[in-house]
Amino acid sequence: MQRMLRLKRELQMLSCEPPPGISCWQNEDKIDQLEAQIVGGSNTPYEGGVFKLEIIIPERYPFEPPKMRFLTPIYHPNIDTAGRICLDALKLPPKGAWKPSLNLSTLLTSIQLLMAEPNPDDPLMADISSEFKYNKQVYIEKAKTWTEKHAIQKNQGSSTIDKEVDEEARNGKALLKKRVATSSDLEKAKKCCI
Amino acid sequence: MSDSSLINQCPLLLPQNKAKTVYDGFITVQEQDFRIRIVLPSDHQLKHASFKCCWQLKALLQARLFFSLWCKSILLSQEIALKNQQAFLIAPPPQYYSQLIKDIEGLGWDKLSHISTDFSTVRLKAEDASGREHLITVKLQTKYPDEVPVCSADLPVPFILSWSSQSCLKNIHSQFLAMLESLKQFWDVMDEIDEQTWVLEPEKPTRSATMRRIAIGNNVSLNIEVDPRNKLNTNMHLWNPDYSILHNLKEVLEIEFPLPGSQETSNFSMDCGICYSYRLEAAIPDQVCNDPRCGQPFHQTCLYEWLRGLPSCRQSFNIVFGECPYCSKVCTTFYDYSVAGFV
């Protein structure tokens, strides 16, 4: 009951005024699955990349946090190879800090912030974390390479995002409209693909 | 007490003979020097000491207090005690008492209900037109009548005294009477309620009590609050059945009803902070965060659902305590047994 009311309102808010560099939309057929995109922040190794996330809204939302996972591979101390994110706001208390006062928009913004500022003291990927701590240059290089390989859309590699882009090109403008592109980088990338 | 400490404390109080039985000199009390002469008996027993000083110092020292301290034989503590008790030991000048007596005579001794032993607090009685007796407590300042006395009375509205240096107790009394007269109607109404109904609360209504909880039946009571400055009664004649209810309400209450604010902005502050909506089935957000600075509204079911899942949640009977999801301060809601299927 609360889930539907709240989702409706949140999607309305996300389409009206999405946070900068973030877009989120509903999956055509499933109501409890959303998709989101975060544009890598400037002056970070993820600059120029568009990172896709999968959001699953649990039955008890907003009493339980949504499940968020990166679909685009990302080289980050707090995000594992399966795309799972180590962020306290994504877990229920007492372990986590999820509260119903948070929402999809604030969570995606927190993830964007986590991308810009990793938290090596609470690592998910121990080796990336120690690299970030003690050998930052290597970390930056690797993260940039991963971004180029998986998250920059003109690359016709094997990442999931590319398949999505092909599909998007086929579906044409209808789908494009749904995405609220907030960064010129994203816009450019899309034009390239089309 | 040794001589050296005496000299330290009271350098101007000096022994006048070798046997040290006679002291003469000055002691400093409240930054003023007073002449003092102490004659001790030959055994130096302070109990039998004689003590001479000027009348100002005597006035400062309440005899009983002074002698009890004196008998403890510590000059030092006497001085400290004097300093501490400075405030109430300053007796008003003699004019104060003569003025006060003149005032009371002017007012009539029958109006005086009580006077405190230090003549600083006077309680006056007054009777209103319906024969109810009222008391007013007047706390007089030392510089009376130049300083405004502090008045307190059992009234539903604050008693504001207008005072000039020419005013006296009689003015207070007449102002109090005028006040009683203006409240006569209010007390008539309250007395009627008290006499003819079963008032559950307050148990012994004071004259200032504007609230009454009246029993109607088993577990049913009516809570009424009477505003002594009420406009409804005076405007009642303005109600005209020919006009619409809204028009009449505006006339009687002398207010303009605010229109709902613009949809977009006002909605958000009214919505439940958990489900982001206003209507949840039939319910509207009826719980708010206890902290007035937060004041976030919630549906009872939403807030209960969130609070009960918290590790820090506590429940006392049907009250549930937990942290507000917005401000993290303690927030409460109730556990609705009817929803849970207990009733």
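We name chains A, B, ... by the order of the sequence lines, and we start the count at 1 in each one. Small disclaimer: the values here were computed from a predicted structure and weren't measured.
With contacts defined as side-chain heavy-atom distances shorter than 4.5 Å, the pair Phe186(B)/Val226(B) qualifies. Taking 4.5 Å as the limit, every side-chain heavy atom of Asp271(B) sits out of range of all side-chain heavy atoms of Pro285(B). Within the 4.5 Å cutoff, the side chain of His76(A) has no heavy atoms near those of the Ile85(A) side chain. Counting heavy atoms from C-beta outward, Phe51(A) and Ile74(A) have side chains that approach closer than 4.5 Å. Using a 4.5 Å heavy-atom cutoff, the side chains of Ile214(B) and Ile224(B) are in contact. By the 4.5 Å heavy-atom criterion applied to side chains, Arg213(B) and Leu222(B) are not counted as neighbours. Ile128(A) is listed as a side-chain neighbour of Tyr75(A), based on a closest heavy-atom distance under 4.5 Å.
Of the charged side-chain nitrogens involved, at least one lies within less than 4.0 Å of a carboxylate oxygen, so that Glu131(A) and Lys142(A) count as a salt-bridged pair. With respect to Asp291(B) and Arg293(B), a salt bridge is recorded, a charged nitrogen being found less than 4.0 Å from a carboxylate O. Looking at Glu148(A) and Lys144(A), no side-chain N of the basic residue comes within less than 4.0 Å of a carboxylate O on the acidic one, giving no salt bridge.
Relative orientation of the Phe176(B) and Phe159(B) rings is perpendicular, given thresholds of 30° and 60° on the angle between their planes.
For Arg84(A), the CZ atom sits in a loose shell: 12 or fewer heavy atoms of surrounding residues, nucleotides or ligands are nearer than 6.0 Å. Residue Ile245(B) places its CD1 atom among 12 or fewer non-hydrogen atoms of other residues, nucleotides or ligands, all under 6.0 Å distant.
Of all residues in residues 190-198 of chain B, none places a non-hydrogen atom less than 4.5 angstrom from a non-hydrogen atom of chain A. Of all residues in residues 92-113 of chain A, those placing a non-hydrogen atom less than 4.5 angstrom from a non-hydrogen atom of chain B are Leu92(A), Pro93(A), Pro94(A), Trp98(A), Lys99(A), Pro100(A), Ser101(A), Leu102(A), Asn103(A). Contacts between residues 54-68 of chain A and chain B, defined by a heavy-atom separation under 4.5 Å, are made by Arg60(A), Pro62(A), Phe63(A). Of all residues in residues 320-332 of chain B, those placing a non-hydrogen atom less than 4.5 angstrom from a non-hydrogen atom of chain A are Pro325(B), Tyr326(B), Ser328(B).
Using a 3.5 Å distance cut-off with no hydrogens or angles, the side chains of Glu47(A) and Thr147(A) do not pair a donor with an acceptor. With 3.5 Å as the limit, one finds a donor-acceptor pair spanning the side chains of Ser208(B) and Asp154(B).
Within the 4.5 angstrom heavy-atom criterion, atoms from both the backbone and the side chain of Ile274(B) approach chain A.
In summary, the aromatic rings of Trp187(B) and His134(B) are positioned with their centroids under 6.0 Å apart.
Smallest separation of non-hydrogen atoms from His150(A) and Thr72(A): O-CG2, 3.7 Å.
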